[in-house]
Amino acid sequence: MTDLLFLLEVSLAGLGSGALLSLTALAFVLIYKATRVINLAVGEILMLGSYLFFAFAAGMGLSVWLALPLAVAGGALTGAVVERGLIRPMLGESPISVFMVTVGLGSVLIGLVELIWGTDPRSLPPFIANTPVFLGEAYVSRKILVAFLVAAAVMAAFMLLFRYWRGGVALRATATDQAAAYSCGINVPGVFSAAWTVGCGIAAGAGVLLGAIGGISPSMGVFGLSALVVVIVGGLDSILGALIGGLALGLIQSWAGTYLGGEYQGVVTFGLLIVALMVRPYGLFGTHEIERL
């Protein structure tokens with residue numbers, strides 16, 4: 001195998017991982033765009049989605065094609081309950097208080113998963129073939145390719161919905177000015193609930209795809225921290241930033257892990273975060289808000 005072919009295969013794997021980062025980052029963006037809340041429990045919702053799929057497919061013996069939408073629906077229901085029961089009563093409180101609620105929520109979800117399913121890693125029932133795929137002479141895992149295609153389709157759909165669908169326009173209006181959105185007849189609490197419901201459903205779906213590739217464990221929510229780096233670098237309120245940032249970080253992590261060693265992935269990831277915050281604190285594609293006194 002030539003060095004160039006090896007680099008191509010490493011890059012393809014990185015793009016697959018990056019697509020899942022983009023999909024998870026989309027959950028952050030949807031929730032923040034509507035409510036201005038950074039939901040640090042997105043990684044744990046992702047983990048919960050993978051365990052729900054495991055429970056439906058392996059525990060209850062349901063078809064994987066029935067277990068998948070049920071797992072996504074479970075994540076979405078969790079988001080709706082959290083928004084209505086925990087986040088909405090916190091409206092008007094300081095941002096750090098709401099942020100700490102999501103931190104506590106993540107810890108509670110980890111504890112529940114460990115209590116129900118234990119701490120040992122598990123494998124999901126196979127629903128994606130293991131047969132290799134060759135793009136020219138380059139090998140790519142079929143699971144990674146499927147994850148990339150699914151994530152790309154979901155990202156493209158949401159970019160179109162935000163631009164042309166009435167609900168997407170309502171969300172953008174709410175994100176811009178809640179008082180003005182109220183005056184235009186937009187149901188702002190409904191937009192909040194929809195953002196949490198859809199965002200957590202997306203995170204749960206990303207968890208199933210991630211679990212299909214590398215298995216599941218209560219610690220897999222750490223993947224959400226990399227996705228948080230993506231949205232901070234790309235812009236907390238930018239879907240385009242989530243897409244480009246996720247693919248770029250996936251490539252960088254893949255190159256760093258292959259050529260420098262796996263222990264350097266975290267160094268490179270959070271080093272990039274520090275540099276991005278110093279150079280462009282509102283993100284590459286984020287809204288630069290200017291306040292006039």
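When a residue number appears, it is its place in the shown sequence, counting from 1.
- Under the 4.5 Å side-chain criterion, counting only non-hydrogen atoms from C-beta, V113 is in contact with P218.
- Shown here for A195 and A34, the closest heavy-atom pair between the two residues is CB-CB, 3.5 Å.
- Centroid-to-centroid, the aromatic rings of F6 and Y139 stay 6.0 Å apart or farther.
- Inter-residue side-chain proximity for F148 and L247 is flagged as met; some heavy-atom pair is nearer than 4.5 Å.
- Residue V42 comes nearest to A27 through the heavy atom pair CG1-CB, 4.1 Å, listed as atom of the first residue, atom of the second, then distance.
- The line from CG of D120 to CD of E114 is 10.5 Å long, rounded to the nearest 0.5 Å.
- Clustering ILVMFWY residues whenever any of their side-chain heavy atoms sit less than 4.5 angstrom apart, transitively, puts I31 in a cluster other than the one holding V108.
- Note: the hydrophobic cluster containing W255 also contains L12 (ILVMFWY, side chain heavy atoms under 4.5 Å, direct or indirect links).
- Looking only at distances, no side-chain donor or acceptor of T24 sits under 3.5 Å from a matching main-chain atom of A227.
- When side chains are defined from C-beta on, I213 counts as touching L20, because their heavy atoms get closer than 4.5 Å.
- Between the side chain of K33 and the main chain of D237, a donor-acceptor pair closer than 3.5 Å is present.
- The main-chain N or O of I216 is never found under 3.5 Å from a side-chain atom of S50 such that the two would form a donor-acceptor pair.
- From L40, atom CG reaches atom CZ of F99 across 4.5 Å, with rounding to the nearest 0.5 Å.
- By the criterion of side-chain heavy atoms lying less than 4.5 angstrom apart, applied directly or through intervening Ile, Leu, Val, Met, Phe, Trp or Tyr residues, Y259 is grouped together with L251 in one hydrophobic cluster.
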Check your understanding: Between L209 and L23, is a side-chain contact (heavy atoms from CB on, under 4.5 Å) present by the stated rule, with each step listed?
Key -> CA-CA 10 Å; L209 292 173; L23 190 60; 4.3 Å; yes

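- Taking CD1 of I244 as the reference point, atom OG of S238 lies at 7.5 Å (rounded to 0.5 Å).
- Here the CD1-CG distance, from I110 to L115, works out to 13.5 Å after rounding to the nearest 0.5 Å.
- I239 has its side chain within reach of L26: a pair of non-hydrogen atoms, C-beta onward, lies under 4.5 Å apart.
- For S254 (side chain) and G250 (main-chain N/O), no donor-acceptor pair under 3.5 Å exists by modelled atom type.
- Of the possible polar contacts, one joining the T269 side chain to the Q265 backbone as a donor-acceptor pair under 3.5 Å is found.
- Considering all non-hydrogen atoms of both residues, A71 and A204 come closest at O-CB, 3.7 Å.
- Across all their heavy atoms, G79 and C200 have their closest contact at CA-SG, 3.5 Å.
- Residues satisfying the salt bridge (charged side-chain N to carboxylate O under 4.0 Å, His left out) criterion with R280, sequence neighbours excluded, are absent altogether.
- In this structure a side-chain-to-backbone donor-acceptor pair under 3.5 Å is missing from K143 to I128.
- The two residues L124 and G211 have their closest heavy-atom pair at CD1-C, 3.6 Å.
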Practice item. Could you give me the CA-CA distance, side-chain angles and deciding distance for S11 and L15, then say whether side-chain contact (heavy atoms from CB on, under 4.5 Å) is met? Key: CA-CA 6 Å; S11 300; L15 287 174; 5.6 Å; no

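- Panel note: side chain S17, backbone G14; no donor-acceptor pair is recorded below 3.5 Å.
- Residue pairs meeting the side chain to side chain donor-acceptor pair (under 3.5 Å) criterion with at least one partner in residues 206-221, sequence neighbours excluded, are S217-S219.
- Counting heavy atoms from C-beta outward, L21 and F223 have side chains that approach closer than 4.5 Å.
- Both F28 and M100 are assigned to one and the same hydrophobic cluster, defined by single-linkage of ILVMFWY side chains at heavy-atom distances under 4.5 Å.
- Crowding of F127 atom CZ: a count of heavy atoms from other residues, nucleotides or ligands under 6.0 Å exceeding 12.
- Minimum heavy-atom separation, M47 to L109: CE-O, 3.8 Å.
- Annotation: side chain of V64 is not in contact with side chain of L68 (no heavy-atom distance under 4.5 Å).
- The closest donor-acceptor contact from the side chain of E9 to the backbone of A138 lies at 3.5 Å or more, if one exists at all.
- Taking CD of E44 as the reference point, atom OG1 of T102 lies at 9.0 Å (rounded to 0.5 Å).
- By the 4.5 Å heavy-atom criterion applied to side chains, V268 and Q253 are not counted as neighbours.
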Review point. Would L52 and L70 count as a side-chain contact (heavy atoms from CB on, under 4.5 Å) if you check the C-alpha gap in whole Å, the side-chain angles of each, and the deciding distance to 0.1 Å?
Key: CA-CA 8 Å; L52 288 175; L70 286 175; over 6 Å; no

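- I87 places none of its side-chain heavy atoms less than 4.5 Å from the side chain of F192.
- Linking ILVMFWY side-chain heavy atoms closer than 4.5 Å, directly or via other members, places L77 and L112 in two distinct hydrophobic clusters.
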Point to revise | Audit row: L277, I232, side-chain contact (heavy atoms from CB on, under 4.5 Å) steps and yes/no | key: CA-CA 8 Å; L277 286 174; I232 292 176; 3.5 Å; yes

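- In this structure, the ring-ring contact (aromatic ring centres under 6.0 Å, His included) partners of Y51, at least two apart in sequence or on a different chain, are W117.
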